[in-house]
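Please read all numbers here as calculations on a predicted model, not as lab measurements. A note on names: the letters A, B, ... follow the listed sequences, proteins ahead of strands, and every chain is numbered from 1.
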Amino acid sequence: MEERDLICVTCPVGCNLTAVLDGDELVEVQGGRCRRGEAFAREEITDPRRMLATTVRVAGGVGPLVAVRSAEPMPKALLLPAADLLRRVVLKAPVSLHQVVIADLLDSGVAIIASRAMPAAQGARD
Amino acid sequence: MKSLACDVLIIGSGPAGLAAAVSARDAGSERVLVLERNQELGGILPQCIHSGFGVRVFGSDHTGPEYAQRWVERAAEANVEVMTGTMVLEIGRDLVVRATGATRGLIEVRAKAIMLAMGCRERPRGALAIPGARPAGVYTAGTAQRLVNIEGYVPGEKVVVLGSGDIGMIMARRMTLEGARVAAMLEIQPYVSGLRRNLVQCVQDYGIPLHTQTTVVEVRGKDRVEEIVAARVDSSWQPIHGSEWTIPCDTLLLSVGLIPENELSRQAGVALDRRTGGPLVDQNYQTSVPGIFAAGNVVHVYDLVDDVSEVAMLAGQAAAGWAAGRLPVVEDSHVPIEAGINVHHVVPQRLSRPLDGTPAKLACRVQQPIEETALIAVRNGTATLAQRRLRYARPSEMLDIEMPASLLRTLDPSASLVVDVTCPERGR
């Protein structure tokens, strides 16, 4: 049996978890104040995922950027390539809250959506 | 000069201001007016594009802009009046506030109650006295956050972060996602000062080297930062001679603490707590000036926005009660609430009399981490009024303990309340 110490990132409490592994198999999760810890530990060991939050450029908006996020946690290994790709995206204002920016990011099945609205600047040309 | 009147006037539209406004309306205040100096509502939330907000308040995870939007919508539904681009200049006598805005000119608002919700500021470089040159490239983490997330400028390519506060860790990740390299994060304490989830998902996930008990002893560079000199520190935070090394970088981000913003409060004669930097408040979040209330980071710096919203709702309710004449006028004598063993500060700092049946939630921060079972206890003279076991107690995580109204009615008002956080297993 192998033990792996994890810190749960599901909520801001950040519980200490101990995942007990038999080879690749998760036998038990110790610690944690709620049940979400176990789901986190399982995912962290098999397919670690994180939320991605970044910005993309907006043409003709009140501000130059709009905040975007992954619609759900995405594979950890894709965070940097995804951020890299999103740095080259330019949206046209207006952008609405939760507008889909990329429907399936890098074949992950995860969408990128706007996490705020960005109205068009008055007098901005089409 | 245009004159207005309202029941509750709220200064600031961040999470505290908006929640206080909504709850004041819910508690029956007819006219609730929020003054915001920025062009948009939400305070600092629009630049906090990461998630982690609202898990408790709304039952699901939000980014900062989304969390702000939820409250902006709630405020609109509750018919809260808002004025953006309007900065309060002074809180005068008899709760008359003067404010100004580019389109509005000078206005005067007569309020029956005022809510201070100005939030906090970052501790700047000057407060740290880091020796060395004064080149460009030294930013507070929140300023860098605004540049990257709102203005669209990435302030550097090779970054050192001083301090391991949440904003510092979040910006270390943010700069990495923007293509910069974070060469190191330095923390003077032996432990990380922000939340542990941020240590995992902002620092460890990206392989950013973290050096605890380390600080910056010199900034070098002519026009732009070229390198910093780092050094290990001893237990009294003094740099250890001979431990210095240089880290080449073009940017130094500072995440070294937040300070409640209280220029307006001070000038209005509101008594401040030296420990928190914020107003002294009672169980209703009323300050030393009758009719002036305070909530959120202007009182003391919280870890979580959910806590701010919740406390601001209580404060907003109390302010509405005062505006309607329901809240009793407080007596001159208070029951002080003091920071005891291993406690840095407690909010509220006092109980006003009469003890009118409002329960109190005492929030505190410990001085030293306890990584085993800890005990938070409230003493009153020789009696222990309340106590609760904790799995651990860390300076980065605020603690609280509920004091039900029934308990407050039985306390000895001639003795203060003292909050201790101890480690029973070590017998102290």
Inset, instruction - Inspect the contact between A/Glu44 and A/Arg50 and indicate whether a charged nitrogen and a carboxylate oxygen are less than 4.0 angstrom apart. - result: yes
Inset, instruction - Please look at A/Leu52 and chain B and tell me whether the side chain, the backbone, both or neither of the residue comes under 4.5 angstrom of a heavy atom of that chain. - result: side chain
Inset, instruction - Below 4.5 Å from any heavy atom of chain B, which atoms of A/Leu97 appear? Answer side chain, backbone, both or neither. - result: side chain
Inset, instruction - Could you tell me which portion of B/Leu304 (side chain, backbone, both or neither) has an atom closer than 4.5 angstrom to a non-hydrogen atom of chain A? - result: side chain
Inset, instruction - Sort B/Leu177 into side chain, backbone, both or neither according to what part of it lies under 4.5 angstrom from a heavy atom of chain A. - result: both
Legend entry - Contact leader toward chain A among B/Arg173, B/Gln47, B/Arg174, where contacts are heavy-atom pairs under 4.5 Å: B/Arg174
Legend entry - Within 45° cone and under 6.0 Å: B/Arg70 NZ/CZ vs B/Phe58 ring: yes
Inset, instruction - Tell me, out of A/Ala82, A/Ser115, A/Cys15, who's got the most heavy-atom pairs with chain B below 4.5 Å. - result: A/Ser115
Legend entry - Carboxylate-amine/guanidinium proximity below 4.0 Å for A/Lys76 and B/Asp205: yes
Inset, instruction - Identify which of A/Val68, A/Asn16, A/Leu86, A/Val62 forms the greatest number of heavy-atom pairs closer than 4.5 Å to chain B. - result: A/Asn16
Inset, instruction - Compute both the distance and the angle, then confirm whether A/Arg36 meets the cation-pi test with A/Phe40: under 6.0 Å from the six-membered ring centre, within 45 degrees of the axis. - result: no
Inset, instruction - Please determine if B/Asp307 and B/Lys361 form a salt bridge, counting it only when a charged side-chain N lies under 4.0 Å from a carboxylate O. - result: no
Legend entry - Audit row: A/Val101, A/Val66, side-chain contact (heavy atoms from CB on, under 4.5 Å) steps and yes/no: CA-CA 10 Å; A/Val101 177; A/Val66 67; 5.8 Å; no
Legend entry - Parallel, tilted or perpendicular: ring planes of B/Phe53 versus B/His50, cut at 30 and 60 degrees: tilted
Legend entry - Side chain to side chain, B/Pro15 and B/Leu45, heavy atoms closer than 4.5 Å: yes
Legend entry - Portion of B/Arg56 that has a non-hydrogen atom of chain A nearer than 4.5 angstrom: neither
Legend entry - Top contributor to chain B contacts, counting heavy-atom pairs under 4.5 Å, from A/Arg87, A/Arg116, A/Arg57: A/Arg87
Inset, instruction - May I ask you to name which of B/His62, B/Gln39, B/Gln69, B/Arg196 has the most heavy-atom pairs under 4.5 Å with chain A? - result: B/Arg196
Inset, instruction - Heavy atoms only, distances under 4.5 angstrom: which of B/Gln204, B/Arg391, B/Glu178 has the most pairs with chain A? Name it, please. - result: B/Glu178
Legend entry - Check: B/Ser164 and B/Ser193 side chains under 4.5 Å, non-hydrogen atoms: yes
Legend entry - Contacting moiety of B/Glu151, where chain A heavy atoms sit under 4.5 Å: backbone
Inset, instruction - Could you look at B/Glu397 and say if it's the side chain, the backbone, both or neither that has a heavy atom under 4.5 Å from chain A? - result: side chain
Legend entry - Leading residue by heavy atom contact count with chain B [cutoff under 4.5 Å; candidates A/Asp84, A/Leu6, A/Leu79, A/Thr10]: A/Leu79
